Peer 1: 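Before we start, here is the structure in question, set down as structure tokens.
Just so we're clear, the structure is a prediction, and the values are computed from it rather than from any experiment. Per chain, numbering begins at 1; letters A, B, ... match sequence-line order.
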There are 2 protein chains.
Amino acid sequence: MATDFGNFFKSAFTVDNVIFGFDEGDLKVLLIKRGEEPFMGDWALPGHFVYPAEDLDTAAIRVLEELTGLNNVYLEQVKTFGAVDRHPFGRVITIAYFSLIKISNYTIQSSSIALQAQWHSISQVTELPFDHMVILQSCLNRLRWLLRLRPVGFELLPPKFTLTELQHLYEAILETDLDKRNFRKKILSMNLIIDLDEMQEGVAHRPARLYKFDRKRYQQFLEEGFSFELKETRKKERISRSQLLSADQ
Amino acid sequence: MATDFGNFFKSAFTVDNVIFGFDEGDLKVLLIKRGEEPFMGDWALPGHFVYPAEDLDTAAIRVLEELTGLNNVYLEQVKTFGAVDRHPFGRVITIAYFSLIKISNYTIQSSSIALQAQWHSISQVTELPFDHMVILQSCLNRLRWLLRLRPVGFELLPPKFTLTELQHLYEAILETDLDKRNFRKKILSMNLIIDLDEMQEGVAHRPARLYKFDRKRYQQFLEEGFSFELKETRKKERISRSQLLSADQ
DNA sequence: GTAATTAGTGTACATTTTACACTAGCCCTT
DNA sequence: AAGGGCTAGTGTAAAATGTACACTAATTAC
């Protein structure tokens, strides 16, 4: 169980975390300015070595929390990257995670790493050190994939949101236009968001209704298990297969 | 770039490969009888250390080829497992792959490892060393998921197959019954299989037609890119979104 | 030639997806 | 307070897809 730290740079593993946020109608990713070689001073994905007595998920959670102060956020392992020459100093494989956070909850941490962190619009990130561009792209694909299948969009919005905001989020991430009426019909038919009977304030036009995600109801469905393929249909109260949800590992 | 082999057991990474096959109407997995401690003599997933100058995919391909003599098969990284105590001798994380092979092409290799390999029906594998049961389950979920979305079933069948065989494969993997007429309608409407105008031989009943997978046509669609969400529809010759295919990374 | 066995086929209905354009409500200006 | 500017909010019809369901056809074995 003992690990020789002196050999870390010869054969080691790290986690890299693609932290997505959504703001100003734009999908963003949190990057840090590297404080060490190689690529010191460049913007890169936040990552760190996995400690010897630390599980992979734990390491990813740690990196996220040190950077953002947030825990209990959506986090998922995506893929492991281990090309022989991906790190100039030795053989380092990295397990890529992505997480979804509400930028509104995010406050800059005082850790020296976190002070160097900044949100970047996805569309403007064109160059990253190591194989980080590939990792980013991979996580982005996964996010798009997931967004079609699961109600994860809510993770990126403040607790109260309007349907238009939600639609803009879908449009920004999927890079497509959606029909307003069809989008609302579909979202509402999921029965996973609750009308708060509150209105937007401080806008210079007709205010929109505010909604929140019905996390309890979603949990319930997850726990009951999806049984899409079964022939018998619980008539009411059933989330149909089409409704952005799907059974998965 | 140098790696200290003496430290391999202190902090190392391996690949484990879940090799699926299909035979006698049953989904199978290829297991090896371990020739070394720990768990010597137990059936386990085939795996191996990743060599210092070897990419992860390469390592997975190597393990597969040494065991089966096959290359150029469907192989995909699934997930990395790295619980601190998953290996009793030290910190070993493993990158899990799964591959799909045609059992009909499989011949036992003469390597000492391969001699100890055997196909096991998935349903009868109930206990495996390390966290291999979790890995197997994870790959199985991925396979099921994939089978709904992509035409990967063909990878498990001999080059010529009948529609009934294909249906049985879907039923076995998805653990569900499918309607014969609807299944055929759907499969044929994909236009991804070619009617060979040949008949089954040596069966004691009406012989079925033989088909083969139209790999070229599938490649073509992959290369053209899926553009499901676009509004304009190439009227004919288009694979619709519903047809077991989907855009993914 | 007949029994046994699997192959092969069509139709009607339900559900889901898609396309599409106008009215409603609030704020700000004048 | 009337009107302009802006975003919110709503319904319907047609097309595509999914689902349920039962009989005839072709071959072999006896």
Side-chain angles (χ1 to χ4, degrees), chain A residues 25 148-149 160-171 174 176-191 193 195-211 227-246, chain B residues 25 148-149 160-171 174 176-191 193 195-211 227-246:
Chain A
R148 289 170 199 275
L149 303 171
K160 301 180 181 185
F161 53 86
T162 70
L163 291 182
T164 302
E165 284 165 357
L166 186 61
Q167 182 178 343
H168 287 337
L169 181 144
Y170 272 79
E171 290 177 333
L174 300 178
T176 174
D177 286 338
L178 297 170
D179 179 86
K180 185 157 66 158
R181 277 168 296 188
N182 293 340
F183 180 79
R184 283 163 184 249
K185 231 184 314 177
K186 185 151 191 172
I187 291 293
L188 292 172
S189 75
M190 290 167 60
N191 284 324
I193 66 175
D195 185 341
L196 289 169
D197 250 313
E198 290 175 54
M199 293 297 176
Q200 234 179 354
E201 278 170 26
V203 286
H205 54 76
R206 174 175 176 181
R209 303 189 79 82
L210 292 171
Y211 293 83
S227 50
F228 299 128
E229 248 50 43
L230 296 181
K231 300 290 155 95
E232 80 281 319
T233 309
R234 280 172 290 158
K235 275 274 171 57
K236 296 265 172 162
E237 290 295 314
R238 174 174 171 272
I239 296 186
S240 88
R241 179 145 73 102
S242 65
Q243 288 169 12
L244 298 187
L245 294 164
S246 200
Chain B
R148 290 171 199 273
L149 303 171
K160 301 179 181 186
F161 53 85
T162 70
L163 291 181
T164 302
E165 284 165 356
L166 186 61
Q167 182 177 343
H168 288 336
L169 181 143
Y170 273 78
E171 290 177 332
L174 301 177
T176 175
D177 286 338
L178 298 170
D179 179 84
K180 184 157 62 159
R181 277 167 296 188
N182 293 340
F183 180 79
R184 283 164 185 249
K185 231 185 313 178
K186 184 151 193 173
I187 292 292
L188 291 172
S189 76
M190 290 167 63
N191 284 326
I193 66 175
D195 185 340
L196 289 168
D197 251 312
E198 291 176 54
M199 293 296 175
Q200 234 178 354
E201 277 171 26
V203 287
H205 54 78
R206 173 175 176 179
R209 304 188 79 82
L210 292 171
Y211 293 83
S227 50
F228 297 129
E229 246 52 43
L230 296 178
K231 299 289 153 94
E232 79 281 319
T233 308
R234 279 171 290 158
K235 271 278 172 52
K236 294 264 170 161
E237 289 295 315
R238 173 172 171 274
I239 295 185
S240 88
R241 180 145 74 102
S242 64
Q243 288 169 16
L244 297 186
L245 293 164
S246 202

Peer 1: When rounded to the nearest 0.5 angstrom, what distance separates CG in Asn182(B) from CD1 in Ile187(B)?
Peer 2: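 Atom-to-atom, Asn182(B):CG and Ile187(B):CD1 are 11.5 Å apart.
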Peer 1: Please write out each protein N/O paired with an N/O of nucleotides 8-10 of chain C under 3.5 Å, distance rounded to 0.1 Å.
Peer 2:
residue: dG8(C); atom: OP1; partner: Arg209(B); partner atom: N; Å: 2.8
residue: dG8(C); atom: OP2; partner: Arg184(B); partner atom: NH1; Å: 3.2
residue: dG8(C); atom: N7; partner: Lys180(B); partner atom: NZ; Å: 2.7
residue: dG8(C); atom: O6; partner: Lys180(B); partner atom: NZ; Å: 3.3

Peer 1: For the pair made of NE2 in His205(A) and C1' in dA24(C), what is the distance, rounded to whole Å?
Peer 2: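 Interatomic distance, NE2 of His205(A) to C1' of dA24(C): 14 Å.
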Peer 1: Return the value, rounded to whole Å, for the distance between atom NZ of Lys186(A) and atom C1' of dT17(C).
Peer 2: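 In whole Å, dT17(C) C1' lies 8 Å from Lys186(A) NZ.
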Peer 1: Taking atom P of dG9(D) as reference, at what distance in whole Å does atom CD1 of Ile193(A) sit?
Peer 2: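 Taking atom P of dG9(D) as the reference, CD1 of Ile193(A) is at 11 Å.
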Peer 1: Tell me the interatomic distance from Asp195(B), atom CG, to dA7(C), atom P, rounded to whole angstroms.
Peer 2: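 Rounded to the whole Å, the gap is 15 Å.
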Peer 1: Give, for atom CE of Met199(A) and atom CZ of Arg206(A), the distance between the pair rounded to the nearest 0.5 Å.
Peer 2: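 So the CE of Met199(A) and the CZ of Arg206(A) are separated by 7.5 Å.
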Peer 1: Which whole-number value in Å describes the distance from Phe161(B) CZ to dA7(C) C1'?
Peer 2: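 After rounding, the reported distance stands at 16 Å.
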Peer 1: When rounded to the nearest 0.5 angstrom, what is the spacing between CG in Leu210(B) and CD1 in Ile193(B)?
Peer 2: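 The distance works out to 11.0 Å.
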Peer 1: What integer distance in Å separates Glu201(A):CD from dG25(C):C1'?
Peer 2: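 Rounding to the nearest Å, CD of Glu201(A) and C1' of dG25(C) are 15 Å apart.
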Peer 1: Hey, could you give me the CZ/CG distance between Arg184(A) and Leu166(A), rounded to the nearest 0.5 Å?
Peer 2: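 Taking CZ in Arg184(A) and CG in Leu166(A), the distance rounds to 10.0 Å.
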Peer 1: So, Arg209(B) versus Thr164(B): side-chain donor-acceptor pair below 3.5 Å or not?
Peer 2: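 No.
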Peer 1: Rounded to the Å, how far apart are Glu165(A) CD and dG9(D) P?
Peer 2: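 Taking CD of Glu165(A) and P of dG9(D), I get 11 Å after rounding.
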Peer 1: I'd like to check Leu188(B) versus Asp195(B) (side-chain heavy atoms, cut-off strictly below 4.5 Å). Are they in contact?
Peer 2: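 Counting from C-beta outward, Leu188(B) and Asp195(B) never come under 4.5 Å.
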Peer 1: Expressed in angstrom and rounded to an integer, what is the separation of Phe183(B) atom CZ from dA7(C) atom P?
Peer 2: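 After rounding, the reported distance stands at 12 Å.
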